[in-house]
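Step one of this worksheet: look at the structure below.
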Amino acid sequence: MFSSSLSFLHSTSLSSSSLLFPPSNSTPNPKFPLSFVVEAKASTRREDRTARHIRIRKKVEGTPERPRLSVFRSNKHLSVQVIDDTNMHTLASASTLQKTIFEEFNYTSGPTIEVAKRVGEIIAKSCIEKGIKKVAFDRGGYPYHGRVQALADAAREHGLEF
């Protein structure tokens, strides 16, 4: 079976051994590399998230009628902005760095789901005060579960539509 699967090699002018090994009496030739290394593309989690975010941003755009609700999540903080991309203007924002949220919760290991719900509530109230009811949700390349989902659900419960 092995010889039949390599039968195409016999039809060429070169022998099968010359295809596998370079001639022994010659100098190194680019046609016959002595060794080669196969390297896989190594990408980090941050690069993967950035690639997902770029794919999402191709489809999600903030307009004055329907601005973009952008989420940024880190290990220690959670940040949300409502952005009008046509005018390049941030209309509203909420973050765990704000004094009202930071003092309200005692979290040392990072924001929890309860903190994310509170941030979603604050951003929704801020948007409704400014007359914004509909937004386009931009999860920022993060999976839609956990803190991101809790934030989105809380914003929906307090009047935002997306």
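The residues of the chain are indexed from 1 along the displayed sequence.
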Within the 4.5 Å heavy-atom criterion, are [X] and [Y] side-chain neighbours or not?
X    : Y    : answer
R139 : I56  : yes
R52  : R55  : yes
R118 : E104 : yes
E161 : V135 : no
C127 : L91  : no

Please enumerate all residues that pass salt bridge (charged side-chain N to carboxylate O under 4.0 Å, His left out) together with [X], with sequence neighbours excluded.
X    : value
K125 : E121
R68  : D85, D138
D153 : R156

- Task: Show the numbers, then the answer: is there a side chain to side chain contact (heavy atoms under 4.5 Å, CB included) between E61 and T86?
- Result: CA-CA 8 Å; E61 183 180 359; T86 56; 4.2 Å; yes
For the atom pair [atom1] ([X]) and [atom2] ([Y]), what is the distance rounded to the nearest 0.5 Å?
X    : Y    : atom1 : atom2 : answer
I122 : H158 : CD1   : NE2   : 10.0 Å
N75  : H77  : CG    : NE2   : 10.5 Å
E65  : K133 : CD    : NZ    : 15.5 Å

- In terms of heavy-atom contacts, does CZ of F105 have more than 12 from other residues, nucleotides or ligands at under 6.0 Å?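 Enclosed.
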Backbone N/O of [Y] and side chain of [X]: donor-acceptor pair under 3.5 Å:
X    : Y    : result
T90  : A92  : no
E103 : T100 : no
T50  : R46  : yes
Y142 : R73  : yes

With hydrophobic residues grouped by side-chain heavy-atom distances under 4.5 Å, do [X] and [Y] end up in a single group?
X    : Y    : answer
V80  : L160 : yes
I128 : F137 : no
F102 : L151 : yes
V60  : I54  : no
V115 : L69  : yes

- Can Q98 and I101 be said to form a side chain to side chain contact (heavy atoms under 4.5 Å, CB included), step by step? CA-CA 6 Å; Q98 291 176 343; I101 299 173; 4.1 Å; yes
Shortest non-hydrogen contact from [X] toward [Y]:
X    : Y    : result
S74  : R147 : O-NH1, 3.1 Å
P67  : D84  : CB-N, 4.4 Å
N87  : P64  : ND2-CG, 4.4 Å
R66  : F162 : NH2-CA, 3.8 Å
P111 : T96  : CB-CG2, 4.2 Å
P143 : V148 : O-CB, 3.8 Å

